[in-house]
Amino acid sequence: MNWLQRFFKKQQLETELEKEIRDHLDRQVSDYRRAGLTEEEALRKARLNFGGVEQIREECREARGTHWLESTLQDLQLALRTLRKNPGFAITAIATLALGIGANTAIFALLDAVRLRSLPVSEPQKLALIQIEGGNRTGIRHQARSLSFPLWEQIHEQQRGFLNVFAWSPNTFEIGKGVTERPAEVLWVTSGFFSTLPIDPAKGRLFVAEDDRSGCGSPGAVISYGFWRSEFGGRDSAIGDKIFIQDRPTEIIGIAPPGFDGLEVGRKFDIALPLCAEPSYFPGSDILRRSDFSFLNVMGRLRPGWTLEQANGQLASISPAVFRATLPAGYEDGSHVSYLKSRLAAYPAANGVSGLREKYDTSLWFLLGITGLVLLIACANLANLMLVRASTREREIAVRLAIGASRWRIIRQLLTESLVLAAAGAAVGASFAQIFSRTIVLFVTTQQESPYLDLRLNWHILAFAAVVACFTCLVFGVVPAFRGSRTDPGDAIKSGSRGMLGNNRRSLFQSSLVISQVAISLVLLIAAALFVRSFRNLMTLDPGFRERGVVIASLDLSHLPSLSEDRAELYMRDLMEQLRALPQIESAGTSTHIPLDGSSWTLGFHLAATEGASKFTWVSRGYFGTMDKPLLSGRDFDDRDTRSTPRVAVVNQTFVRRFLGGVNPLGRTLKTLAEPNYPATEYEIIGVVKDAKYDGLREDVPPEAFGSSAQFGVSAWPNVFIRSSLPPPAVISAVRQKLNQISPQIRSDYRIFETEIQDGLVRERLMAALSGFFGVLAALLAAIGLYGVISYVVVARHSEIGVRLALGATRGSIIFGIVKRASTLLVAGTLLGLILALSATTVVRSLLYGIEPNDLATFLSATLFLLAVSLAASYIPARRASRLDPLDALRYE
Amino acid sequence: MESPKSDIPQGTLDLLILQVAALGPIHGYAIAQRLQQVSRDVLQVQQGSLYPALHRLENKGYLKAEWKESDAGREAKFYRLTSKGLTQLKTETANWERLIDAVAAVLKLQGGEA
């Protein structure tokens with residue numbers, strides 16, 4: 001029998017033990033009887049010889065090796081029973097822990113999803129992302145990590161360190177036809193995409209090398225498992241079905257396995273198409289030829305025996321040839337040189353790629369720190385509660401110690417109670433975390449971006465919650481347990497109902513708990529105040545234009561029958577006139593750039609003797625008016641500016657300051673440097689416009705020049721800015737109706753500019769809201785902790801206060817005495833908190849705008865707030881003490 | 001006054017039990033009697049303390065226990081030495097003898113020098 005069997009056969013073993021001992025005693029007695037002793041004498045002597053039956057029995061039980069298990073179960077039962085007897089305490093403790101552990105687990109779940117989790121493929125650590133070292137800075141690009149198709153071809157041919165490389169590009173395309181038309185996430189992929197990862201199909205087949213050859217037409221689509229379930233109800237017959245993608249029927253050839261959502265964290269794919277099919281979906285598209293258009297992510301799987309360093313070395317050695325072979329035509333010298341100097345490099349990509357990660361990484365770690373500190377404060381409160389409880393149980397513990405329980409046994413029992421609380425808190429917290437993390441994702445979901453994250457419980461998250469629970473249990477359980485077991489039985493029983501309230505060491509421990517609570521919550525309050533003020537700075541910042549009341553319609557004219565340049569210009573002009581003529585539309589204009597959306601277009605230029613680079617945007621007549629960007633001098637674009645007149649430009653104030661030293665720029669000529677598709681052009685400066693933010697609110701205004709879209713040529717995808725006093729939904733429906741009337745072939749997509757800009761601040765809003773919430777929560781917890789300790793002190797000194805009142809002390813002096821004691825703790829905690837906050841300032845600097853991390857006003861207001869709340873918390877018990885009836889207090893004694 | 005009695009040195013009780021059990025299956029009371037008889041009442045075992053030791057040895061697999069009918073039709077728990085127990089007994093005996101020799105040698109040395 002092993003110990004587990006012995007544990008389950010306990011009853012049988014007990015009976016046998018009983019029988020064996022009885023047998024022994026019987027034999028002894030009959031032997032003594034035979035030797036001539038009386039029955040009574042024999043029995044007595046046999047017992048004497050045998051020793052303490054109860055003790056022997058206990059030792060035999062211990063010999064079974066199951067003792068620890070039994071006593072643990074006993075502890076557990078006892079713990080459950082005591083907690084059931086105090087439901088108030090149990091619920092408070094579990095709720096506190098559930099909130100604390102839940103918040104931590106939620107943030108961890110997000111971190112896990114965006115940063116820590118590996119791709120669901122074998123040996124993900126062998127995957128590497130290949131990009132230009134330091135990020136791509138040339139031409140038109142989707143992201144810094146994007147590469148052009150010719151570059152991809154070169155890499156594919158010349159690299160040696162990878163078993164295989166593949167490329168993909170995420171897009172949003174229209175699928176379906178007519179009323180069912182809707183956007184879907186479509187990936188262009190090269191043939192190695194699925195086979196290199198490797199991913200096996202759930203049904204049908206995935207792309208193979210034969211699918212990927214230039215001019216492949218449309219060899220079919222692979223759809224994601226989720227898309228298959230939602231669009232086809234998981235029917236097998238989906239294979240072979242056709243879906244319309246950009247109006248083109250496409251056969252479904254396979255279904256990706258469940259759990260594979262693509263390689264970009266936060267973005268799932270619905271449909272994958274072979275990259276070679278791009279020209280058949282977008283006739284006339286030349287992105288597979290242009291080396292100045294970067295839209296591909298390139299990844300590879302390391303060849304067995306190759307390290308990332310070796311692969312990097314090989315990439316570096318082929319770089320000069322690769323970039324020479326793909327140099328875009330039409331660059332002038334400067335850009336030319338920097339392009340040729342580029343180097344390829346590979347970076348570990350076991351966790352996939354993610355824009356979300358770059359955006360939220362620091363914030364999430366920071367939030368995890370905040371929630372961790374809040375949990376610590378909550379634990380300190382619990383530790384206090386446990387201490388108070390232990391003191392009310394002093395007599396019970398003293399009695400148990402007196403009848404021989406070991407100190408270790410008492411500690412174990414008290415710790416078991418903490419563990420039960422922590423486990424219950426973690427269990428409730430884990431489910432709370434699910435709700436909380438989903439809420440955060442909803443919070444950061446915007447008009448343009450809805451992150452898709454897999455936040456289902458997995459073992460990482462559960463393990464995290466378990467570790468946090470054990471940690472909290474240690475923090476709030478250990479000291480009270482040791483304290484509790486240190487009771488001197490004699491003292492405790494003698495001191496009767498008063499317990500050990502005068503114990504100095506205990507109150508020292510409680511004081512240090514309160515001091516650290518105050519310190520930590522001050523740090524959190526300061527952080528919260530900084531984030532809130534930083535967010536407010538951004539919200540109230542004047543971007544240089546008025547976004548309220550502006551709707552942006554992004555048109556897609558590519559489905560219209562093609563027109564000559566001049567006809568297209570007339571068509572566009574007429575379209576804009578019709579929109580402007582709509583009732584209550586104040587003004588409208590087009591622009592090639594939407595401010596603050598993160599995109600950017602830079603051209604180099606010569607201006608007299610200076611050479612520089614400036615942002616370039618092509619706008620129509622009426623754009624400046626629509627944006628409420630006042631013209632400071634010169635004139636706006638108008639109908640005089642056409643394709644046949646000399647090119648004109650409007651520049652912003654920064655441009656004038658930077659390149660013209662502030663002198664009047666009107667009439668000066670600037671000449672842009674040639675870029676692929678942008679030949680060198682001369683512009684006469686005809687006006688100066690007020691500075692406005694370009695990339696983002698946090699960035700400084702860059703020099704910007706505007707050209708006339710009438711002179712530049714009509715884009716097939718213009719952005720139309722419309723200002724109206726109507727509510728945005730009304731504007732959108734009026735414009736949509738009008739466009740449909742002009743031509744049903746025009747597609748359009750709308751954004752409310754004001755919402756768009758607020759969406760750009762979603763991270764700041766998240767930090768402000770969460771840190772504010774946790775900061776106030778921390779302050780309240782600290783105040784509750786202080787309240788608890790002061791109440792405790794008051795109860796402990798009941799009789800002393802009674803005597804003092806009886807001897808004529810005023811109520812005021814009683815209150816003063818108690819509040820003074822509280823203030824000592826507060827001042828100590830505040831000083832500690834200020835030191836901590838000052839030493840942590842550098843960490844937050846990158847997340848703040850327009851405020852220094854050691855801002856005096858912020859520090860002061862956070863401190864005052866905390867002091868006010870805490871003093872109020874200690875005043876309540878103090879007042880209660882001063883209302884004490886001396887007679888009652890003394891009678892109590 | 002009876003003859004002087006010695007408490008059993010720590011840890012030797014197991015050895016004695018194994019040795020007694022090596023002679024054949026035997027129940028607890030008989031072991032106690034045997035120890036007392038053979039040592040001519042010098043080794044004083046508190047009889048009860050035999051049982052935790054027996055159970056420990058059983059759980060370690062040195063002894064195997066069985067309920068069997070004994071004299072006069074009453075059932076008793078008989079302990080029998082297992083092969084694992086025999087090995088243990090040999091090791092322990094050897095250890096014990098080495099210890100005795102060593103102690104004896106030291107004691108003699110003192111006598112010679114004096």
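Every chain is numbered from 1, with letters handed out A, B, ... down the list of sequences.
- Note: B/H55 and B/Y51 have perpendicular aromatic rings, judged against thresholds of 30 and 60 degrees for the angle between ring planes.
- For the pair B/K77 and B/E58, the salt-bridge criterion is met [side-chain N within less than 4.0 Å of a carboxylate O].
- Between B/R98 and B/D101 there is no salt bridge, since no side-chain nitrogen of the basic residue lies less than 4.0 Å from a carboxylate oxygen of the acidic one.
- Put simply, the side chain of A/N86 never gets that close to the backbone of A/F89: no donor and acceptor are under 3.5 Å apart.
- Summarising the geometry of B/G28 relative to B/L54, their closest heavy-atom pair is CA-CD1, 4.1 Å, with the distance given to 0.1 Å.
- By the 4.5 Å heavy-atom criterion applied to side chains, A/R44 and A/L48 are counted as neighbours.
- Within residues 16-28 of chain A, the residues that have a heavy atom under 4.5 Å from a heavy atom of chain B are A/E16, A/L17, A/K19, A/E20, A/D23, A/H24, A/D26, A/R27, A/Q28, listed by number.
- Counting heavy atoms from C-beta outward, A/R64 and A/K10 have side chains that approach closer than 4.5 Å.
- With a 4.5 Å cut-off on side-chain heavy atoms, B/T12 and B/E92 do not count as touching.
- Between A/E14 and A/R57, none of the side-chain N atoms (NZ, or NE/NH1/NH2) sits under 4.0 Å from a carboxylate O, so this pair counts as no salt bridge.
- Considering only heavy-atom pairs separated by less than 4.5 Å from chain B, the leading option among A/G52, A/A63, A/C60 is A/C60.
- Residue B/A65: no heavy atom, backbone or side chain, is found under 4.5 Å from chain A.
- Classification of B/E75 and B/K68 as a salt-bridged pair fails, no side-chain N sitting under 4.0 Å from a carboxylate O.
- Residues of residues 415-423 of chain A never come within less than 4.5 angstrom of chain B, heavy atom to heavy atom.
- In this structure, the side chains of B/D14 and B/R56 come closer than 4.5 Å at one or more pairs of heavy atoms.
- Interface remark: B/Q33 contributes side-chain atoms only to the contact with chain A (heavy atom separation under 4.5 Å).
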